[in-house]
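Some notes on the structure that comes next.
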Amino acid sequence: MKLKFLGTAAAEGVPAVFCNCDNCKRARRLGGKDIRTRSQILIDKDTLFDFPMDTYMHVLNYNIDLSAVKHVLISHSHMDHCYPQEFIMRGGPFAHSLTEEKVEVICNGKVREMFLSDTAREIRPEVAKGITATAVRPFERLNRGDMTIIPLPAKHTADEECLVYYVERGGVGALLLNDTGVIDGDVYARLYDMGGRANVVTFDCTYGVMRHGPGRHMGLLDDVDQAELLLKNGVINAAATLICTHLSHNNGNDYAAMQAAAKEYGFTVAYDGMEITV
């Protein structure tokens, strides 16, 4: 399984879209790994985790054939994770010679409603025929060809059933914990009972090196606690790859400082364009 981190920032990006704080000024000056677009992960060229408004930039930056994506896993309805208007362009006269005729958007019920309403005004009927929006619930096992997908309950927004995802293909598992607060151990216990074994885990690290505790996001020390909980429940073993992503400019750390702190705990900090094979 190959994971490409197309974007690794929280909602506002790094540097943040309207911000002139010291951290954003430093990111503009340093460039490279300190520039972060909105969070998105490409799995094996055919599956996307989240679809932010920066998706088109990611297509340009990494020469991605977006029409080859067959499945789009959406975590929740915030626009930095779900920008459905782009799908209006998935067909004539805006797009031709698509690699895949159809794409499935996998999401919660609220996202499905938003997806359909936000595209309804402009989408052409022939384009809509190629797009399926499937509403799922936590712990609902989905089999898509050689891939298994299990949505899990995230801790993020009180009025929405936000999701994170476990994805397995060819005996390799990835647990994608982007944009969530601390998850309870019983979720991991149930994932284990469903056969979930993760070789790689991506963690929300919005708060940088800090501990956030209960809430909508996590920091590095929360990630460390979550990794211990995953290990205790058998979802990962000591050899699992642990990656911090979804970082905010408000955490005050540049890439080098974050990577140095994360390395002490056996974590790696993702950057835009980072690619791993597990």
Side-chain angles (χ1 to χ4, degrees), residues 2-21 23-28 30-90 94-95 103 105-107 111 114-115 118-119 122 131 154 156-157 162-165 176-180 202-206 208 216-217 243-251 254-255 258 269-276:
K2 184 176 290 185
L3 274 64
K4 190 173 184 70
F5 291 79
L6 307 180
T8 57
E12 65 274 24
V14 182
V17 61
F18 289 108
C19 188
N20 287 305
C21 73
N23 204 31
C24 287
K25 289 178 180 178
R26 179 175 57 196
R28 293 186 182 101
L30 292 174
K33 295 177 180 178
D34 284 282
I35 302 297
R36 298 182 182 275
T37 57
R38 278 80 171 207
S39 179
Q40 187 175 39
I41 299 174
L42 178 65
I43 304 170
D44 290 339
K45 296 186 178 181
D46 66 356
T47 302
L48 277 173
F49 178 38
D50 279 335
F51 201 93
M53 58 284 226
D54 289 343
T55 298
Y56 181 53
M57 177 186 289
H58 298 159
V59 169
L60 297 180
N61 285 348
Y62 307 115
N63 192 29
I64 296 167
D65 177 5
L66 200 60
S67 77
V69 171
K70 295 188 287 188
H71 310 290
V72 180
L73 315 179
I74 303 291
S75 57
H76 64 295
S77 63
H78 292 168
M79 67 179 180
D80 59 313
H81 295 265
C82 181
Y83 190 68
Q85 290 87 341
E86 203 75 82
F87 285 83
I88 293 166
M89 310 295 175
R90 198 185 186 278
F94 311 106
V103 63
V105 177
I106 296 169
C107 55
V111 169
M114 185 182 80
F115 188 95
D118 286 4
T119 57
E122 294 184 81
I131 304 169
H156 190 58
T157 302
C162 300
L163 301 171
V164 290
Y165 291 89
L176 310 173
L177 304 179
N178 296 23
D179 217 5
T180 181
T202 69
F203 294 86
D204 181 295
C205 198
T206 303
R216 301 173 62 221
H217 293 290
I243 300 174
C244 299
T245 189
H246 197 279
L247 287 92
S248 169
H249 69 120
N250 288 317
N251 69 49
D254 60 17
Y255 170 78
M258 274 301 309
V269 176
Y271 54 85
D272 285 22
M274 187 176 90
E275 189 170 282
I276 66 165

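- If you run side chain to side chain contact (heavy atoms under 4.5 Å, CB included) between L48 and each of L66, I41, I43, only L66 comes through.
- Counting heavy atoms of neighbouring residues, nucleotides and ligands inside a 6.0 Å radius, atom CZ of F94 exceeds 12 of them.
- At least one side-chain heavy atom of V105 sits under 4.5 Å from a side-chain heavy atom of F87.
- A pairwise comparison of heavy atoms in V111 and S77 identifies CG2-N, 3.6 Å as the closest pair.
- Under a 3.5 Å cut-off, the side chain of N23 and the backbone N or O of H249 do form a donor-acceptor pair.
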Determine, stepwise, if the pair Y255 / L30 fulfils side-chain contact (heavy atoms from CB on, under 4.5 Å). CA-CA 10 Å; Y255 170 78; L30 292 174; over 6 Å; no
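- Here the straight-line distance linking atom SG of C24 with atom CG of N250 works out to 7.5 Å at 0.5 Å rounding.
- Identified under the salt bridge (Lys or Arg N to Asp or Glu O under 4.0 Å) test for residues 63-86, with sequence neighbours left out: none.
- Applying the salt bridge (Lys or Arg N to Asp or Glu O under 4.0 Å) rule to pairs touching residues 2-13 yields K2-E275, K4-E275, sequence neighbours excluded.
- The heavy-atom pair separating L163 from C107 by the smallest distance is CD1-C, 4.1 Å.
- Ring geometry for H76 against H78 counts as perpendicular: the plane angle is over 60°, on a 0 to 90° scale with 30° as the lower cut.
- Atom CE of M79 has 12 or fewer heavy atoms from other residues, nucleotides or ligands within 6.0 Å.
- In summary, the side chains of N178 and S39 do present a donor paired with an acceptor at a separation below 3.5 Å, with no hydrogens or angles considered.
- Here the side chain of H58 pairs a donor or acceptor atom with the backbone of L6 at under 3.5 angstrom.
- The minimum heavy-atom distance linking V72 with V103 is given by the pair CG2-CG2, 4.1 Å.
- A salt bridge (Lys or Arg N to Asp or Glu O under 4.0 Å) check over residues 39-64, counting only residues at least two apart or in different chains, returns the pairs R38-D54, D44-R169, D46-R169.
- Of all heavy-atom pairs between P84 and T119, the closest is O-CG2, 3.4 Å.
- Nearest heavy-atom pair across C205 and N251 is O-ND2, 4.5 Å.
- In this structure, M258 and G208 approach most closely via the heavy-atom pair SD-CA, 3.6 Å.
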Output, in order, the C-alpha distance, side-chain angles, deciding distance and verdict of side-chain contact (heavy atoms from CB on, under 4.5 Å) for Y165 and I106. CA-CA 10 Å; Y165 291 89; I106 296 169; 4.2 Å; yes
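- Under the ring-ring contact (aromatic ring centres under 6.0 Å, His included) criterion, H246 pairs with H81, H217, sequence neighbours left out.
- For Y56, the OH atom is loosely surrounded, since the number of other residues' heavy atoms within 6.0 Å does not exceed 12.
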Could you please spell out the steps behind the side-chain contact (heavy atoms from CB on, under 4.5 Å) verdict for I243 and I276? CA-CA 10 Å; I243 300 174; I276 66 165; 3.5 Å; yes
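- Separating the CZ atom in F115 from the CD1 atom in I74 is a distance of 8.0 Å, to the nearest 0.5 Å.
- Applying the side-chain contact (heavy atoms from CB on, under 4.5 Å) test to N20 and every residue at least two apart in sequence or in another chain returns K25, R28.
- By the ring-ring contact (aromatic ring centres under 6.0 Å, His included) test, Y83 pairs with no residue at all, sequence neighbours left out.
- Annotation: side chain of F5 is in contact with side chain of T202 (closest heavy-atom distance under 4.5 Å).
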Verdict with supporting geometry, D204 and V164, side-chain contact (heavy atoms from CB on, under 4.5 Å): CA-CA 11 Å; D204 181 295; V164 290; over 6 Å; no
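- To the nearest 0.5 angstrom, T8 atom OG1 is 11.5 Å from Q40 atom CD.
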